[in-house]
Structures are given as structure tokens and as C-alpha cells.
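Take a look at the following structure, please.
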Amino acid sequence: MFRDSTRSRLVLLVLVVVCASLLVLDSRPGSDPLTTAGRAAGELVFAPAAAGAGWAGGPAASLYEGLRRGPEAVERVHELEEANAELESELQAARIDQARADQLDDLLHLSGMGGYEIVPAQAVTRTTSRGYAHAVTLDAGTDSGVRTDMTVVNGDGLVGRVVEAGPRTSTVLLATDATSAVGARLAETRKIGVVNGGSVPGGAESELAFELFDMEAPVESGDRVVTLGSHEGAPFVPGVPIGTVRDVEVSPGALSRMARIEPAVDFASLDVVGVVVAGPAEDPRDSVLPPEPEPEEDR
């Protein structure tokens, strides 16, 4: 502890006199040798102490500045995070919009090739209405001209048929449902049969099974199947792609031939679809089918 004594008072007096002298010398203008020497001596004695004080006080000053600007910095970070999230959401929406636009283009191309008049809709929910295992709800109903027993398609082919219709929504029984049965034919030979939802009896799991009535009709893997068409186009209009033959099951004693079908439609990712509100003036036959891929040796 600093003791109050004659010696300490003398030291304090000397320091005060020195400081006063340095202040006087530093305030004098010009480049007088005595003034310059005094300034240099003062810097030599007091500069280390000033630097040490600055070094010791630096962290405290930085801490104070950070605390002073803290709320503004946090708010700015939040603003940037919100802006990034909004931008990400907009980009995702743009991707979805572009995907739906592409699907709508494919749908309009199919309807134009087949001569189908359609009402575009979106498959909004997957349902199990009235015991149906495979059904979807559309965001279009009787207000848009949708009625029961109308064909539903997308840009790739047959989706199913309308089984219920309200003012603004409707329910579609998918072709893959076990209760679904669609009159169909082979595109290449025009041999007819029925496409049922589910597996070939006694065969491996499949989304669609084709029962061909003519036991002698030639059928091979890769053969394409389209809708045969119903009377007055209800519930199915003609010429809509259903899928391609994956393989054929031969059962001894059977009265028909069974084949597993690879669906033209990806039923797991239904989005934009079209309800056919008016069928074609005449059977489009195979005009709706996409061109067959070229054989490997021809490429």
C-alpha cells in the first residue's frame, strides 16, 4: 500500500512538475532543440506505459463494442436467414412449377394425338374411399364438367376412371386397384383381353395383369397394350396406352393366357392428370403410342 510520507510527497511533486513541464514544451510551436529533446524524452518514458495501458484495455473496448452492436448483429443474422429460407422456398416452388408444366405439356400432347377433350386436374390425395385400395382424389368435379365413369389419363397413359364426383372434387379408381377391369388389346396384333389390377393369379407380384382371351394369340415381352374402348367412351375411351408386356404366364388347362404388364404410368408419383370429358370422333388406334425404340443393332 502507498504510504503518506515526506518522501512520497516529494516524488509526487517531482512527477507533477515534470508533467507540467512536458505539457508546456509540447504546446510550444516550432522546432526548438530544447523542445524537441523534451518531447523525445517524454515519449521514451511514457510511451511503454501508454502502450501497456492500451494493450490491457483493448479486450475490454472490443467487448464493449461487441455488446453495443450485439442486438443489431443478431437481428441482421436473422434477416439473412429468413431471406435465405424464402429464396430456397421460391426455388423449390419454381422447380415444382416447371415439373408440373412439363407434365401438362405431355398431357396436352397425348390428348391432342388421341382427340380427347380433357379437363386438367391435380391428384391431391391418395384415398381408400369405399374400400378401394388404390384411389386418388382430384381437385376438379362436376363444376368443371367431371362425371362418373369418365376416363382419367396423364401424359404417359391410363390412370383409371372416375367413380365419384362432387362439385369441386372427384375420386378416381386407379387401374391398379384389384377391382379394376379395363377392356384392352395388343397394339401389334389387335388381339383383345382384359387388364385387371393386381398380380397374375399364381404369379409374381405385379401392378397390372393382362388376360388374353385367345390362347393361340402370339404375345411376347415388350408388346404394347392399349384400351379397347367402351360403348360411347364410358368408362374408357379407346387407344390410351396401358403398358407393355413384361412376361407371359402359361397355366395348363387354362382357357386364357395371362401376362404381367409394366404400367405406362408411374402410379407412385401422380400429379397432373386429365379427365376425358369427351372422347374422340373415331378410334385413334395406335396413334397415341410413343414411337417404338430402335433395335440396338440399328443405332
Side-chain angles (χ1 to χ4, degrees), residues 96-97 99-111 114-184 193-199 205-211 225-243 261-280 288:
I96 293 174
D97 289 345
R100 286 177 177 162
D102 293 340
Q103 292 180 45
L104 182 59
D105 285 344
D106 293 340
L107 176 63
L108 295 176
H109 176 75
L110 181 142
S111 64
Y116 313 128
E117 183 180 339
I118 64 169
V119 170
Q122 185 180 352
V124 291
T125 59
R126 193 89 180 217
T127 67
T128 55
S129 176
R130 291 192 179 182
Y132 300 132
H134 295 182
V136 296
T137 298
L138 306 184
D139 62 352
T142 54
D143 289 350
S144 302
V146 176
R147 302 288 184 272
T148 57
D149 282 339
M150 285 184 168
T151 310
V152 181
V153 299
N154 73 359
D156 297 317
L158 180 68
V159 172
R161 64 183 175 90
V162 178
V163 291
E164 297 178 8
R168 297 180 182 176
T169 62
S170 54
T171 302
V172 176
L173 179 69
L174 302 181
T176 53
D177 190 86
T179 64
S180 173
V182 184
V194 176
V195 171
N196 298 292
S199 306
E205 288 294 322
S206 176
E207 290 188 300
L208 297 173
F210 181 38
E211 182 180 4
V225 182
V226 299
T227 55
L228 180 63
S230 308
H231 177 64
E232 295 184 349
F236 298 106
V237 294
V240 180
I242 299 175
I261 301 297
E262 184 70 33
V265 170
D266 182 1
F267 289 95
S269 59
L270 288 175
D271 192 1
V272 177
V273 300
V275 180
V276 181
V277 295
V288 183

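Side-chain atoms are counted along with the backbone in the values below, which use heavy atoms only and exclude waters and symmetry mates. In this chain, numbering begins with 1 at the start of the sequence shown.
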Point to revise | CG-CD1 distance between Asn196 and Ile261, expressed to the nearest 0.5 angstrom | key: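 Reported value, rounded in 0.5 Å steps: 10.5 Å.
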
Exercise for review: For residues Leu110 and Gly157, report the shortest heavy-atom separation together with the two atoms involved.
Suggested key: CD1-N, 3.9 Å

Exercise for review: Evaluate the side-chain proximity of Arg147 to Thr142: yes if any heavy-atom separation is below 4.5 Å, no if none is.
Suggested key: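 In contact.
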
Which atom pairs, donor and acceptor, lie under 3.5 Å between side-chain atoms of residues 228-236 and protein residues at least two apart or in another chain?
unit_1: Ser230; atom_1: OG; unit_2: Phe236; atom_2: N; d: 3.3
unit_1: Ser230; atom_1: OG; unit_2: Phe236; atom_2: O; d: 3.4

Exercise for review: Determine, stepwise, if the pair Val226 / Val288 fulfils side chain to side chain contact (heavy atoms under 4.5 Å, CB included).
Suggested key: CA-CA 9 Å; Val226 299; Val288 183; over 6 Å; no

Check your understanding: Taking C-beta and beyond as the side chain, do Leu158 and Val265 meet within less than 4.5 Å on heavy atoms?
Key ->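 The answer is no; the side chains never approach within 4.5 Å.
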
Review point. Quick one: does Thr227's side chain have a donor or acceptor within less than 3.5 Å of a partner on Val237's backbone?
Key: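 At least one qualifying donor-acceptor pair exists.
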
Study note, to complete from the structure: When every non-hydrogen atom of Val195 is compared with those of Val225, the smallest separation belongs to CG2-CG1, 4.0 Å

Study note, to complete from the structure: Of all heavy-atom pairs linking Ala140 and Val119, the shortest is CB-CG1, 4.5 Å

Practice item. Decide side chain to side chain contact (heavy atoms under 4.5 Å, CB included) for Ile118 and Leu108; before the verdict, give the C-alpha distance in whole Å, the side-chain angles of both, and the deciding distance to 0.1 Å. Key: CA-CA 8 Å; Ile118 64 169; Leu108 295 176; 4.2 Å; yes

Study note, to complete from the structure: Separation between CD (Glu164) and OG1 (Thr137), nearest 0.5 Å, reads 8.5 Å

Review point. Does some side-chain heavy atom of Leu174 sit less than 4.5 Å from a side-chain heavy atom of Val159?
Key: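 When only atoms from C-beta onward are counted, Leu174 and Val159 do touch, with a gap below 4.5 Å.
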
Check your understanding: Would you say the side chain of Val240 lies within less than 4.5 Å of the side chain of Tyr116, judging by non-hydrogen atoms?
Key -> yes

Practice item. Determine, step by step, whether Glu207 and His134 satisfy the side chain to side chain contact (heavy atoms under 4.5 Å, CB included) criterion, reporting the C-alpha distance in whole Å, the side-chain angles of both residues, the deciding distance to 0.1 Å, and the verdict. Key: CA-CA 11 Å; Glu207 290 188 300; His134 295 182; 5.9 Å; no

Check your understanding: Between Leu138 and Ala123, which heavy-atom pair has the shortest distance, and what is it?
Key ->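 Looking at all heavy atoms of both residues, the shortest contact is CD2-CA, 3.8 Å.
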
Review point. Under the side chain to side chain contact (heavy atoms under 4.5 Å, CB included) criterion, do Arg161 and Asp149 qualify, and how do the steps go?
Key: CA-CA 6 Å; Arg161 64 183 175 90; Asp149 282 339; 3.3 Å; yes

Check your understanding: What's the shortest heavy-atom distance between Asp271 and Gln103, and which atoms?
Key ->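 For Asp271 versus Gln103, the nearest heavy atoms are CB-OE1, 3.4 Å.
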
**Study point:** 4.5 Å side-chain heavy-atom contact, Asn154 and Asp106
**Key:** no

Review point. For the residue pair Ala264 and Asp156, what are the closest heavy atoms and their distance?
Key: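 Closest pair (atom of Ala264, atom of Asp156, distance): O-CB, 3.3 Å.
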
